[in-house]
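Take a look at the structure below.
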Amino acid sequence: MNFKTIIEPFRIKSVEPISMSTESERTAFLERAHFNPFLLKSDQVIIDFLTDSGTSAMSSNQWAAMMNGDESYAGARSWERFEKAVHDLTGMPYILPTHQGRAAERILYGHLGGEGKYFISNTHFDTTRANIEYSGASAHDIPVLEARDFSANHPFKGNLDTKQLQHLITELGEKNIAAVILTVTNNSGGGQPVSMQNAKEISAICKKHHILFVLDCCRIAENSYFIHEREKGYHEKSFREIAQEMFSLADACVMSAKKDALVNMGGFLAMRNKELADACTQLLIITEGYTTYGGLSGRDMEAIAVGLVEVFEADYLKYRIRSTTYLGEKILEKGVPIIYPVGGHAVYIDAKGLYPHIPVDQYPGQALVCELYRIGGIRCVEIGSVMFGKYDDHGKLIPAPMELVRLAIPRRVYTQSHIDYVVEVFDEIIRVKKSAKGLKIKQEPKFLRHFTAHFELVK
Ligand SMILES: *Cc1c(COP(=O)(O)O)cnc(C)c1O
């Protein structure tokens, strides 16, 4: 019998209580947090969908492995296990441990970047772009056109536009292009997957022009699931084999282990080229730590080594992708406009579509984020003009291209009844949508304002 219900493929051994709250309590908490959920305390939140980064639940095997952590300064057993796990997956010979993804990015892009250099990506994640621009180089995003269309039913909306890549190489000159970075899945582009075909084409173009091809592989297991389901010729392969094939096309990779390595902290950089690895090793020792631990404790490396295997288990991946899709499809049925098809780690809501009465300079995304918290205790993040808006010379808002709200799902943390609760909260969101109010910014810092800005409701 093939049952329809997909259950969580784990039992719960240790629980963390959720503090419940009433709507009137949350109204007060929200006011005290200046209508910015980043300023809430986690105890004031019922369901935390702020990010899937570093919020995974570890397995009993990961916790057991942590007890085997070898904290020796050099040549620890934990390093050997970590190095072997990363090598077995990526096939890359030179591996540097780092305390999280952005540290790997700073080392690699800091070394490759500088004035006059260009990086090209399907979409640079915000820390990726920040590290590149900080080095003096510039970052170009060239996602495929379908990526801009919320409801275009394309199986691989995370793909990079290879025609435009060739065009840019001619225009900028291959010597000035420091690297092509393929982000799988494409986090800033809605968590949408990238096809193997696309990776193959990029690899061939990069080889022909002697350009370094880097995989930003934070969510490569989730990406492999989509390839397995949607791309011809991959249904018989294992998820791990699919990932290994994709790694074989690249020259280097950076990973935030806080995503698909199922841990709370960690990352790595892996490379094929010895000279590049030597240069990066120098930088690693200066800022992260000695080569056999980077910024990590031995126990962290143990947990990553186990997580990199667990994340490819078929039952886990099926449950993971299904539970994200389940949430997306349920709220779409109710008429909430979302990016469709649903990506791997999050559901993205088109807040401008949901709240057409709120103008972009009153931040419809932030309005929805506040409503979700007030009504249901759900915390999530605006990805729109609060995060990416700029001002012109007259202080007028130049809005972001989209006003999105992201519900990012932590791995192995919430059960189906948690998700069903969130779905029910949307009934109320829809019922009172006309009364949702816009916001204005009272106080904001110069950079990355979404983290700390203060808002007030527009009367
Ligand atoms: C999270 C993330 C990073 C940065 O990793 P941190 O561990 O948060 O420093 C880089 N790229 C992508 C695609 C990410 O999702």
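Whatever order the structure lists ligands and atoms in, that order sets their numbers, starting from 1.
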Contact with ligand 1 for Arg219, non-hydrogen, under 4.0 angstrom: yes
For atom 4 (C) of ligand 1, the protein heavy atom that lies nearest, with its residue and separation: Thr127 OG1, 3.4 Å
Salt-bridge criterion met for Asp251 and Arg272 (N-O under 4.0 Å): no
Atom 10 (C) of ligand 1: the protein heavy-atom neighbour that sits closest, reported with distance to 0.1 Å: Glu105 OE2, 3.2 Å
Numbered atoms and elements of ligand 1 in range of Ser256, under 4.0 angstrom, heavy atoms: 5 (O), 6 (P), 7 (O)
Residue and atom name of the nearest protein heavy atom (relative to atom 14 (C) of ligand 1), distance in Å to one decimal: Lys259 NZ, 2.9 Å
Ser53 N/O to ligand 1 N/O under 3.5 Å: no
For atom 11 (N) of ligand 1, the protein heavy atom that lies nearest, with its residue and separation: Asp216 OD2, 2.8 Å
Shortest protein heavy-atom distance from atom 6 (P) of ligand 1, along with the residue and atom involved: Gln100 NE2, 3.3 Å
Side-chain ion pair, Arg322 and Glu329, N-O less than 4.0 Å: yes
Closest protein heavy atom to atom 8 (O) of ligand 1, given as residue, atom name and distance to 0.1 Å: Arg102 NH2, 3.0 Å
Numbering as shown, the atoms of ligand 1 that approach Lys258 to under 4.0 Å (heavy-atom distance): 7 (O)
Heavy-atom gap Cys218 to ligand 1 smaller than 4.0 Å: yes
